Amino acid sequence: MVDAGTVRLVEEPVPEPGPAGALVRVRYLSIDPTIRTWMNDAPGYLPAIGIGDVVRGGGIGEVVATTSDRYKVGDLVFGMTGWQDYAVADESAGAMQIIPAGIDPLVALSVFGVTGMTAYFGLIDVGGVTEGDTVVVSGAAGATGSVVGQLARIKGAARVVGIAGTDEKCGWLVDDLGFDAAVNYRTQNVGSRLRELCPRGIDLYFDNVGGEILDTCLGQLALKGRVVLCGAISTYNDTGPAKGPGNYRNLIVIRGRMEGFLILDYLDRFPEAQMAMAGWVAEGRIKHSEHVVDGLAQAPEALNLLFTGGNTGKLIVRVDGERGRARP
Ligand SMILES: NC(=O)c1ccc[n+]([C@@H]2O[C@H](COP(=O)([O-])OP(=O)(O)OC[C@H]3O[C@@H](n4cnc5c(N)ncnc54)[C@H](OP(=O)(O)O)[C@@H]3O)[C@@H](O)[C@H]2O)c1
């Protein structure tokens with residue numbers, strides 16, 4: 001877990017954007033499990049965060065000064081703001097994307113943001129969800145998982161089962177989001193509950209957590225079953241060698257497929273998914289929840305909430321908010 005020895009709060013002069021750039025006052029930080037993986041000095045899909053560097057992370061800010069035609073003062077922009085009060089958008093730091101007027105920044109970070117897009121492309125493109133599928137998703141009450149389950153329903157899945165860590169979360173999935181059932185992995189035997197809930201096996205397992213839950217689901221796949229490897233949060237704090245899933249051999253028997261993906265490969269297709277998502281949100285078919293933690297200084301503790309299961313829905317830090325918490 002991140003602690004006081006991992007991250008320091010320091011004061012430095014406000015940065016100055018280069019020519020044709022903008023100064024951005026950071027308002028909201030997207031708190032993502034992958035930030036924890038960037039803190040490991042290990043090969044990954046991005047370089048590790050260097051000692052003394054600002055913690056890398058996506059966020060939304062407001063343009064407060066600009067020398068570029070691309071931005072206007074007052075624009076809300078999304079980009080890799082990092083965990084800081086001010087960021088720059090320019091050639092050296094990379095461009096930021098302007099958020100269309102009228103979009104709530106919290107929603108821009110959740111269903112219209114990276115986790116909503118991850119749910120969309122992971123389930124539809126990678127998982128190939130089809131009508132009649134029995135779909136199981138872990139991390140189901142989180143930002144990605146909660147959207148996966150609702151999308152599966154929209155795409156005609158016959159049964160959608162979520163796996164989450166508290167009875168409250170399980171209740172939210174079934175009562176508010178329309179999942180058919182939910183399993184509390186902390187208090188119930190996941191294997192036997194899934195056998196009861198999915199008697200014909202699992203056609204599509206969307207894996208957000210890895211570890212034992214992945215192994216259990218691998219052992220219960222139906223013929224031609226698919227596993228979408230989205231994340232493995234149960235292992236991100238591990239220090240020893242990774243343990244492999246013993247039940248992988250079942251993929252041979254059921255002629256199954258297990259495939260990983262990175263949402264970075266889908267950036268140019270975000271607009272199509274955001275349009276579709278906007279329609280479903282407007283119709284009330286996709287519901288969302290944002291869990292907001294106030295104050296930049298709380299960002300390290302907020303990151304830890306992802307690992308203790310303290311969040312429901314998308315976890316966001318309101319950078320200049322009062323210390324404390326607010327659940328909309
Ligand atoms: N492939 C990609 O491009 C991509 C993009 C975005 C996210 N991801 C991955 O997707 C997953 C979800 O990310 P997110 O941002 O949507 O986070 P999230 O689901 O909102 O938050 C993480 C959730 O994981 C659950 N969890 C934590 N430790 C666990 C454990 N040991 N066993 C089971 N569940 C555990 C917690 O809920 P409980 O109370 O249920 O334990 C927690 O709320 C992560 O693995 C992330 O790395 C991948």
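Order of listing sets the numbers, starting from 1, for every ligand and every atom in it. It should be emphasised that the depicted structure is a prediction, and the values quoted were computed from it without experimental measurement.
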Exercise answer, ligand 1 polar atom pairs (N/O) under 3.5 angstrom:
| residue | atom | partner | partner atom | Å |
| --- | --- | --- | --- | --- |
| ligand 1 | 1 (N) | Cys230 | O | 2.9 |
| ligand 1 | 1 (N) | Phe261 | O | 3.0 |
| ligand 1 | 3 (O) | Ile263 | N | 2.8 |
| ligand 1 | 10 (O) | Asn208 | OD1 | 3.3 |
| ligand 1 | 16 (O) | Thr144 | N | 2.9 |
| ligand 1 | 16 (O) | Thr144 | OG1 | 2.7 |
| ligand 1 | 20 (O) | Ala143 | N | 2.8 |
| ligand 1 | 20 (O) | Asn311 | ND2 | 3.0 |
| ligand 1 | 21 (O) | Asn311 | ND2 | 3.4 |
| ligand 1 | 34 (N) | Tyr185 | OH | 3.3 |
| ligand 1 | 37 (O) | Lys169 | NZ | 3.3 |
| ligand 1 | 39 (O) | Lys169 | NZ | 2.6 |
| ligand 1 | 40 (O) | Gly165 | N | 2.8 |
| ligand 1 | 41 (O) | Tyr185 | OH | 2.5 |
| ligand 1 | 43 (O) | Asn311 | OD1 | 2.5 |
| ligand 1 | 45 (O) | Asn208 | O | 2.8 |
| ligand 1 | 45 (O) | Ala232 | N | 3.4 |
| ligand 1 | 45 (O) | Tyr236 | OH | 3.3 |
| ligand 1 | 47 (O) | Tyr236 | OH | 2.8 |

Might you confirm whether atom CD of Glu91 has over 12 heavy atoms from other residues, nucleotides or ligands at distances under 6.0 Å? no
Asp133 and its salt bridge (Lys or Arg N to Asp or Glu O under 4.0 Å) partner, picked from Arg159, Lys155, Arg226, Lys224: Arg226
Looking at residues at least two apart in the chain, or sitting in another chain, which of them share a salt bridge (charged side-chain N to carboxylate O under 4.0 Å, His left out) with Glu272? Arg269
Side chain to side chain donor-acceptor pair (under 3.5 Å) evaluation trace for Ser30 with Asp32: CA-CA 6 Å; Ser30 175; Asp32 298 290; 2.8 Å; yes
Can you tell whether the side chains of Arg27 and Glu62 come within less than 4.0 Å, N to carboxylate O? yes
Positive for side chain to side chain donor-acceptor pair (under 3.5 Å) with Ser110, one of Glu290, Lys314, His291: Glu290
